[in-house]
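Bear in mind that the values here come from a model prediction, so they are computed numbers and not experimental data. Quick note: residue numbers are just sequence positions, from 1.
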Amino acid sequence: MNPRQQELAARIAGRRGAVRGPFRVWLHSPEMCERAESLGAFARFDCGLPEHLRELALLMAARNWDAQYSWNAHVRQAIEAGIPEAAVKAIAEKREAVLDTEPDQAFYQFCREILDEHFVSDETFARALDHFGAKGLVDTIGALGNFTMLGMCLNTFQVDLQADREPPFPDIRGYERVAPGADRPRP
C-alpha cells in the first residue's frame, strides 16, 4: 500500500477494529474509500435512526443485493438490537416480515417499497413520515444507498464469505443464483 492507503487503513482499523470486506476493495481508490467510509460510518453509527432500524435497513439492502458477506456480518447484531428472528428469517427467504411495533413496521414497509418498487406510495410515505420525520426519512435513504453500494461492491469483487458462516440465502450459492434447494440432497 502507498502512504495514503496506509493512512486510511489505519483510520478504518481504528474505528472498525480491522480492515475487512469492502474496505479492502475500496482502498484501491483512496478518495472513494475515504468518502465511502465516512458515509458508512454516518449510516451505521451516527444517523438519526435507532440502532435496530439501522441494522434492519442494512439487512434489507443486503438481501436486496444478495450480499451474503454483509448479511453475515450483521445478522447477529440486528437480532441483538431487537429485530425479531422471525422477521430476519422472512427477509432472508424473501417473504413479508412482521415487526413488533407500528413504527418498525412502517419503516420496514418504506424500505421494502423503495428497494423493491423503486418508489414509495403516498400512504407509505405519510405513515413513515409521521413516525420518523423528514430527517429520519432522508437518513433512511442515505443508509439504504450506502448499504446498496456496499452490496454491489461485495458482489462485484466477490469478497470472500466468512468461512465460519453458512450461506444465508436459500437461492444464492457463492456468487450465483440457484433454484431454492438445488444444492440440497433430495429426500
Side-chain angles (χ1 to χ4, degrees), residues 21-22 32 35-156 166-173 175-181:
M32 172 64 186
R35 287 162 177 84
E37 195 282 328
S38 179
L39 177 58
F42 175 77
R44 288 268 329 282
F45 308 116
D46 300 326
C47 79
L49 300 170
E51 179 185 8
H52 73 289
L53 295 182
R54 294 189 309 257
E55 292 294 338
L56 177 60
L58 193 146
L59 289 186
M60 292 180 73
R63 185 52 174 126
N64 187 68
W65 285 95
D66 302 320
Q68 299 172 94
Y69 181 98
S70 189
W71 180 279
N72 283 344
H74 287 274
V75 67
R76 191 61 28 216
Q77 291 172 338
I79 292 167
E80 289 171 1
I83 302 301
E85 286 190 51
V88 169
K89 184 174 176 160
I91 294 166
E93 295 173 356
K94 291 193 170 188
R95 294 183 291 107
E96 189 73 19
V98 176
L99 285 294
D100 291 338
T101 68
E102 164 53 23
D104 290 0
Q105 194 67 41
F107 182 86
Y108 167 81
Q109 184 67 25
F110 179 86
C111 293
R112 190 191 63 71
E113 285 185 24
I114 196 63
L115 290 169
D116 292 352
E117 306 299 326
H118 308 165
F119 301 96
V120 177
S121 71
D122 291 345
E123 178 184 332
T124 296
F125 183 85
R127 182 177 166 206
L129 184 65
D130 186 52
H131 290 294
F132 303 103
K135 180 186 182 314
L137 297 187
V138 169
D139 285 356
T140 300
I141 295 301
L144 287 171
N146 176 74
F147 303 146
T148 291
M149 178 176 62
L150 176 67
M152 291 168 60
C153 175
L154 293 167
N155 286 351
T156 299
E166 289 293 317
F169 310 134
D171 60 331
I172 304 296
R173 287 298 168 265
Y175 294 91
E176 295 180 5
R177 193 166 310 285
V178 297

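The two residues F110 and V120 have their closest heavy-atom pair at CD1-CG1, 3.8 Å. For T140 against C111, the heavy-atom pair with the smallest separation is CG2-SG, 3.8 Å. L53 and D104 make their closest contact through CD2-OD1, 3.6 Å (heavy atoms, listed as atom of the first residue, atom of the second, distance). Of all heavy-atom pairs between Q68 and P167, the closest is OE1-CB, 3.7 Å.
D139 places a side-chain heavy atom less than 4.5 Å from the side chain of F42. Counting heavy atoms from C-beta on, the side chains of Y108 and E96 come closer than 4.5 Å.
The pair D46-R54 does not count as a salt bridge, with every side-chain nitrogen at least 4.0 angstrom from each carboxylate oxygen. For the pair R76 and E80, the salt-bridge criterion is not met [side-chain N within less than 4.0 Å of a carboxylate O].
A side chain to side chain donor-acceptor pair (under 3.5 Å) with R127 is found for exactly one of Q105, E102, Q109, namely E102.
In this structure, F169 and W71 have perpendicular ring planes: the angle between them is above 60°, well past the 30° mark.
Taking OH of Y69 as the start and OH of Y175 as the end, the distance is 9.5 Å to the nearest 0.5 Å. Rounding to the nearest 0.5 Å gives a distance of 10.0 Å between CG of L49 and CG of L56. Annotation: the span from L150 atom CG to L58 atom CG amounts to 6.5 Å, rounded to 0.5 Å. Separation of atoms CZ (F125) and CG (L137) is listed at 5.5 Å; rounding is to 0.5 Å.
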